[in-house]
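These numbers come from the heavy atoms of this one structure, side chains and all, not from hydrogens, waters or symmetry mates. A note on names: the letters A, B, ... follow the listed sequences, proteins ahead of strands, and every chain is numbered from 1. From a predicted model like this one, the values you see are computed outputs, not experimental measurements.
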Amino acid sequence: MNLFRLLGDMTHLLSIVVLLLKIRTVKSCAGISLKTQELYVIVFLTRYLDLFTKYYSVYNTAMKLVFLGTSIGIVWYMRYHKVVKQTYSKDEDTFKHYFLILLSIILALLIHRAFDVIEVLWTFSLYLEAVAILPQLVLLQKSRNIDTLTGDYVFLLGAYRALYILNWVYRFLMENHKFRWIPWISGLVQTALYADFFYYYIKSWKNREKLKLPA
Amino acid sequence: DEEPEVHDEL
């Protein structure tokens, strides 16, 4: 495993830690899109089906279980925890996320590497992950007040896929990997969706101002 | 050549 991949995974893990910190210690999920979080549960459930069919490493299995467990836990907190659920910005979380699921299903049925259950679901999970942040970005744009933890969470989540792109470049050049259009293009789209957010996040950080996205 | 590369990622 190369450094970019490890840093990518750690950034992803850290983003979840930051979100759990907000939920568990601040007891708030204000500004967090439940729709995006539900999409992540679907992404992990469909991608990590291979937990039952193929073993890669202890690291791989452990990380998959952590991503599955934490994503389900976060949705549980946002839906059912008696304090946390009251902080959910429901009225602003308006993105039609079913549309993203439908779009990803159609795309995965049309464009995949092999037509079997695991492969199509894996492809679906990549397409859905690429766009899963959209409800969250829309919610941020509607939020007047983006707290630090929420801003950091979204930043880390975006940085993770950007680091994965470097990992793919590295594997292609150094490990003789072939072209892998499906994850690469999905990853590029996913990272590109954050471009605007990255710009305002870094700007607010440089100017030591509170993060605010233009409406 | 169905090597599992990329699938070993998260």
Side-chain angles (χ1 to χ4, degrees), chain A residues 1-2 4-13 16 40 43-44 47-51 53-57 59-68 71 113-114 116 118-119 121-123 125-126 129 160-161 163-165 167-168 170-172 175-184 186-187, chain B:
Chain A
M1 177 157 55
N2 65 67
F4 301 117
R5 158 80 196 278
L6 183 65
L7 283 175
D9 287 347
M10 290 306 115
T11 309
H12 195 180
L13 198 59
I16 292 167
Y40 283 133
V43 165
F44 294 139
R47 186 173 308 166
Y48 298 158
L49 272 183
D50 65 355
L51 270 171
T53 58
K54 189 144 173 63
Y55 173 79
Y56 295 98
S57 63
Y59 171 85
N60 201 291
T61 302
M63 291 292 271
K64 286 175 178 173
L65 292 173
V66 167
F67 288 142
L68 272 169
S71 63
R113 209 158 67 103
D116 62 64
I118 295 249
E119 191 67 29
L121 285 176
W122 180 78
T123 310
S125 81
L126 285 167
E129 187 189 352
Y160 130 73
R161 220 43 175 178
L163 286 160
Y164 253 74
I165 294 172
N167 152 62
W168 293 324
Y170 180 92
R171 294 187 88 174
F172 180 72
E175 294 175 12
N176 250 331
H177 278 204
K178 302 190 182 88
F179 285 96
R180 285 285 180 255
W181 295 113
I182 291 172
W184 292 359
S186 308
Chain B
D1 63 334
E2 288 306 300
E3 79 281 37
E5 66 167 63
V6 176
H7 280 270
D8 63 356
E9 294 175 348
L10 296 167

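- Distance check: Tyr56(A) OH to Leu10(B) CG gives 10.5 Å after rounding to the nearest 0.5 Å.
- By the side-chain hydrogen bond (donor to acceptor under 3.5 Å, both in side chains) test, Ser125(A) is found to be paired with Arg47(A), residues two or more places apart in sequence or in another chain being considered.
- Proximity to chain B (any heavy atom under 4.5 Å) is shown, for Phe44(A), by neither the backbone nor the side chain.
- Of the possible polar contacts, one joining the Asn60(A) side chain to the Asp8(B) backbone as a donor-acceptor pair under 3.5 Å is found.
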>> One pair to check against salt bridge (charged side-chain N to carboxylate O under 4.0 Å, His left out): Arg180(A) and Glu9(B). What are the steps and the verdict?
In response: CA-CA 13 Å; Arg180(A) 285 285 180 255; Glu9(B) 294 175 348; over 6 Å; no

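- Looking at Tyr55(A), there are no atoms closer than 4.5 Å to chain B (heavy atoms on both sides), in backbone or side chain.
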